[in-house]
Visitor: 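First the structure, then my questions, so here it is.
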Number of protein chains: 2
Amino acid sequence: MVREALAALLGLEGDIDVVAQVARGDEVVAAAQAHEVEVALLDIEMPGLTGIEAAGLLRKARPGTKIVVLTTFGRPGYLRRAMESGADAFLVKDAPASQLAEAVRRVLRGERVIDPTLAAAALAEGANPLTSRERDVLAAAADGSANTDIGKRLHLSEGTVRNYLSAAIQKTGARNRTEAVRIAMEKGWL
Amino acid sequence: MVREALAALLGLEGDIDVVAQVARGDEVVAAAQAHEVEVALLDIEMPGLTGIEAAGLLRKARPGTKIVVLTTFGRPGYLRRAMESGADAFLVKDAPASQLAEAVRRVLRGERVIDPTLAAAALAEGANPLTSRERDVLAAAADGSANTDIGKRLHLSEGTVRNYLSAAIQKTGARNRTEAVRIAMEKGWL
DNA sequence: TCGCAGCCGTGACATCTGTCACGCCTGGTC
DNA sequence: GACCAGGCGTGACAGATGTCACGGCTGCGA
């Protein structure tokens, strides 16, 4: 519904044609190729592939296509990963609607569009301090699983899970796993 | 942005006029009165007041105004509370866009519009089994606070917090507080 | 009047979590 | 070759968490 509504919004602009819409991240590249898309507008939260993953594939498949990433959550880590995947613009959904068409026009002129507040937050935060294993364990702990369950799922001993989790708690500055998950989510580290 | 996009979508329909838009739940009633609104379209997730709370106030202030509640999350508890607050229709955002205008027309004809799958889930689930205090404590635990912190915030002893939390864990069928929070959220009990 | 549900508390207990110290192994980089 | 970060593990310990069995209080409906 939101996608169709945004399409309607863009369709009202005289200089923009919405030539294709897909509901899943893994259909993005095929649709872009079939319709010779000039600008792709990608939501991060999508079934199949995330918008960030889809951006990476699309950049490889059609380097000339401009990419605008759109998201509900203005997490610095999202911005970072989107730009690393080759996005030309990064918008949050609670920005005014006028910015959407404006961003499409600007990326077509070769500009990059980023919310300056978010850019500052992303830079101030530094890179993701979690190691790959710490991320895995923290992500597995997010749903409330106990250490032994996490260990079984990741083929680790219960003590090792505790150690990784402890490290993640330290690095996030949290006081327990629940807080660590929340903080890592907010920063886009998961 | 999403609100303006949905307004654009509805504006494309010949028989629907979008006469007002507000960004906050606590501005709904005033706007409805100022513009003699026939149908109000309310998102649940809003700053100020939730769409459900706003629906309750609007129903009291202008009983004739039809209310369509729109939400990202199809939680049975949301549906239940929305209907109790006097909503005439309940839509989830991942439904096809055509349902939106259709729902507006149908509530104007006096019909009620509810996704049958969601209605079944809400009925199958039964009422919220959590007592008021159990809800408070569970909500306070959601951000990862320790028992002592929750106790201070709610003016309870640490042992009492443990007891309520234990009861909430039993009733949700969870294995610890984190799972209990997740389950209660999914069912819309918080 | 009685019973019951809900609210608030205590105490005791087993288990889970979080921290720390320590070990081993691997694949880089200097 | 030496060093180091990261992955994986163990053992020990304090503190947090979850459960249970109690108690007292209030308000409400039978």
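Throughout, protein chains are lettered first and strands after them, A, B, ... in sequence-line order, and every chain is numbered starting at 1.
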Visitor: Sort and list the pairs that fulfil side-chain hydrogen bond (donor to acceptor under 3.5 Å, both in side chains) and have at least one residue in residues 80-89 of chain B, not counting sequence neighbours.
Guide: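 As it turns out, the side-chain hydrogen bond (donor to acceptor under 3.5 Å, both in side chains) pairs with a partner in residues 80-89 of chain B, which skip direct neighbours, are R59(B)-D88(B).
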Visitor: Give the other cluster members for V181(B), using side-chain heavy-atom distances under 4.5 Å between Ile, Leu, Val, Met, Phe, Trp and Tyr residues; answer none if it is isolated.
Guide: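 Members alongside V181(B): L130(B), V137(B), L138(B), I150(B), L154(B), L156(B), V161(B), Y164(B), L165(B), M185(B), W189(B), L190(B).
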Visitor: Return the set of residues passing side-chain contact (heavy atoms from CB on, under 4.5 Å) with R106(B) (not counting sequence neighbours), or none when no residue passes.
Guide: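 Checked R106(B) against side-chain contact (heavy atoms from CB on, under 4.5 Å); matches are E102(B), R109(B), E111(B), V113(B).
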Visitor: How would you summarise protein contacts on nucleotides 6-18 of chain D per nucleotide, using B for base, S for sugar-phosphate only and - for none, with heavy-atom distances below 4.0 Å?
Guide: -SBBB-B----BB
Visitor: Can you run down the salt bridge (Lys or Arg N to Asp or Glu O under 4.0 Å) pairs that involve residues 181-190 of chain A, sequence neighbours left out, and say none if there aren't any?
Guide: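 Listed by first then second residue: R182(A)-E186(A).
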Visitor: Quick one: bend of the helix from dT1(C)-dA30(D) to dC30(C)-dG1(D) from 5 pairs per end, to 10°?
Guide: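 Here the local axes at opposite ends form an angle of 20°.
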Visitor: Going by side-chain heavy atoms closer than 4.5 Å, which hydrophobic residues are tied to V19(A), directly or by a chain of links?
Guide: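 Joined to V19(A), directly or through intermediates: V37(A).
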Visitor: Under the salt bridge (Lys or Arg N to Asp or Glu O under 4.0 Å) rule, what pairs show up with a residue in residues 167-178 of chain B, not counting sequence neighbours?
Guide: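 Non-adjacent pairs meeting salt bridge (Lys or Arg N to Asp or Glu O under 4.0 Å): D149(A)-R175(B), E134(B)-K171(B).
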Visitor: Kindly write out the residues that satisfy side-chain contact (heavy atoms from CB on, under 4.5 Å) with Q170(B), not counting sequence neighbours, or none if the list is empty.
Guide: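 If we apply the side-chain contact (heavy atoms from CB on, under 4.5 Å) test to Q170(B), skipping adjacent residues, the hits are S166(B).
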